[in-house]
Amino acid sequence: MYKAFLLKYAEIGLKGKNRGVFENALRDQVQFNLDKLGKYHVLREQGRIFVECPEEYDYEETVEALKKVFGVWGICPVVVIESTEWEQITAGVIDYVDKFYPEKNFTFKVEAKRANKQYPMTSPEICVEMGSCLLEHFEGLKVDVHEPQVRINVEVRNKTYVYSHIIPGPGGMPVGTGGKAMLLLSGGIDSPVAGYMIAKRGVTIEATYFHAPPYTSERAKQKVVDLAKIISAYTGPIKLHVVNFTDIQLYIYEKCPHEELTIIMRRYMMKIAEHFAEKHKCLGMITGESIGQVASQTMYSLAATNAVCKMPVYRPLIGFDKQEIVEISQKIKTFETSIEPYEDCCTIFVAKHPVTRPILSVIEKSEENLAEKIDELIKTAIDTVEVIEIG
Ligand code: ATP
Ligand code: MG
């Protein structure tokens, strides 16, 4: 039935002079997501994006793909009437209402647009004429111009487009319009959600994962690859840096007070991730931290971790409760993968009683114990990084 989709966007409309840049990015992202499914034409026209489906296509699959494009506020499946003749248009709209609304007892309003200003009727005339035509044809229908139950949109271009359903899109800004950031991606629940949230604001994502073989398994790494794959459906391709962290972790374990392990480890993770972030021209880093969730995420711990970074660190979940994060992870379908029971490199070396109020000067003092070998170990970790292209 539907031969096209009209995509509505919200915030892009506010962009003034840069609007064209945002619209092009949105068009490109839509085309990118749909190219995986088949042949579609994506056109940018007069403040909207049109998707034409010239061939047989899977409706559900297409809507799912469009629901993953940031910047899309609403997805309207459109029926195309291959004519601009009034008789054909009214016949087409009557047919549309007949097919899509089996119960004909609702209030409605016709909204009209015409791209071609030479068209013999004005938009208000189209609304009035089409409204009375529908009232005549279907007894149970009533007009309500203020709060109609159904808005029937009729757009006359070189053909005529009819739609009345709006499927909610994800909102946000098209990826690629907001610079690039490095996500510290673990196998947990939080970091994939954090990456999703920043990408939703138009930011391109790269990722770094620290593993500690043989303490963490190949399967734990695969879980992170799987998570990156799931979020890449929204964010576009992700370059995942897999860093072998074992020797650094063992060295910290050997040389530093055990209650400080997690904080010191987190500081080295940030430092190494920042190296890759700088190398790849990222403007910031992203973590899944949330105040007070665990000992390493108290305000004191966050301050101590943050002190090693020169770049801004974005923590989109900072004020979220775990349950709120879980809800987003369920919505974006990372939850089931995140709760697979594979070990995380942080959980293996954790102390029974980690510090919850680390003092930066004390932590820095402990790190002096690492002076002999740490630079060499960091260099090796960086030199042996494995880069996996995802999506
Ligand atoms: P998550 O659910 O994202 O794993 P978490 O609640 O387990 O988070 P922590 O283990 O304290 O929290 O990690 C805090 C943040 O540090 C994570 O959200 C993630 O951004 C980063 N991080 C933790 N472990 C790793 C890792 N092995 N590799 C990359 N980043 C990590
Ligand atoms: Mg974790």
Side-chain angles (χ1 to χ4, degrees), residues 181-199 205-213 215-217 219-228 230-231 238-246 248-249 252 261-277 284-302 304-306 308-309 311 313-318 320-326 328-330 332 334-351 354-356 358 381 385-386 388:
M182 178 62 77
L183 168 67
L184 279 87
L185 181 63
S186 71
I189 294 171
D190 307 328
S191 47
V193 173
Y196 166 89
M197 288 182 66
I198 296 294
I205 301 287
E206 293 202 11
T208 304
Y209 166 59
F210 296 89
H211 72 152
Y215 302 96
T216 63
S217 62
R219 195 61 196 76
K221 172 178 145 191
Q222 185 58 42
K223 178 180 167 185
V224 174
V225 171
D226 294 344
L227 286 169
I230 298 170
I231 59 169
I238 296 176
K239 200 189 285 259
L240 173 66
H241 302 78
V242 179
V243 178
N244 186 327
F245 204 50
T246 313
I248 294 175
Q249 246 175 335
I252 298 170
L261 286 182
T262 312
I263 294 294
I264 295 175
M265 246 168 48
R266 306 265 316 116
R267 283 163 57 87
Y268 283 103
M269 278 188 186
M270 298 302 267
K271 220 179 248 183
I272 294 172
E274 188 170 59
H275 167 88
F276 293 114
M285 296 198 283
I286 309 164
T287 73
E289 290 160 315
S290 150
I291 295 173
Q293 200 189 74
V294 286
S296 58
Q297 297 177 30
T298 63
M299 289 284 279
Y300 302 87
S301 300
L302 289 169
T305 310
N306 205 67
V308 290
C309 307
M311 250 183 214
V313 180
Y314 296 100
R315 300 179 170 92
L317 308 180
I318 200 70
F320 280 36
D321 294 347
K322 193 71 185 189
Q323 189 51 34
E324 293 170 309
I325 302 169
V326 165
I328 302 174
S329 78
Q330 285 168 331
I332 66 173
T334 50
F335 182 72
E336 292 300 324
T337 304
S338 290
I339 59 171
E340 286 173 12
Y342 302 105
E343 61 295 307
D344 176 6
C345 78
C346 299
T347 50
I348 287 163
F349 298 94
V350 287
V355 283
T356 53
V385 65
E386 178 193 3
I388 306 176

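When a ligand or atom number is given, it counts from 1 through the structure's own listing order.
- When Met285, Gln297, Met265, Met269 are checked for heavy-atom proximity to atom 12 (O) of ligand 1, Gln297 turns out nearest.
- No N or O atom of Gly187 sits closer than 3.5 Å to an N or O atom of ligand 1.
- Other residues, nucleotides and ligands contribute at most 12 non-hydrogen atoms within 6.0 Å of the OH atom of Tyr300.
- Of the N or O atoms in Pro192, none lie within a sub-3.5 Å distance of an N or O in ligand 1.
- Checking Ser296, Ala194, Gly288 against atom 17 (C) of ligand 1, the nearest heavy atom belongs to Gly288.
- Checking only distances, Thr287 never comes within under 3.5 Å of ligand 1, N or O to N or O.
- Neither side chain, Arg266 nor Asn306, offers a donor N or O lying under 3.5 Å from an acceptor on the other.
- Looking at Val224 against ligand 1, nothing comes within 4.0 Å, counting heavy atoms.
- With a 4.0 Å heavy-atom cut-off, ligand 1 is reached by the backbone of Thr208 but not by any atom from C-beta on.
- Contacts of His211 with ligand 1, taken as heavy-atom pairs under 4.0 Å, are absent altogether.
- When heavy-atom distances to ligand 1 are checked against a 4.0 Å cut-off, Ser191 comes that close through both its backbone and its side chain.
- Put simply, part of Arg266 is less than 4.0 Å from ligand 1, judged by heavy atoms.
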### side chain to side chain contact (heavy atoms under 4.5 Å, CB included) evaluation trace for Val308 with Met269
CA-CA 10 Å; Val308 290; Met269 278 188 186; over 6 Å; no

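- Ser301 and Thr298 form a side-chain donor-acceptor contact under 3.5 Å, judged by distance and modelled atom types alone.
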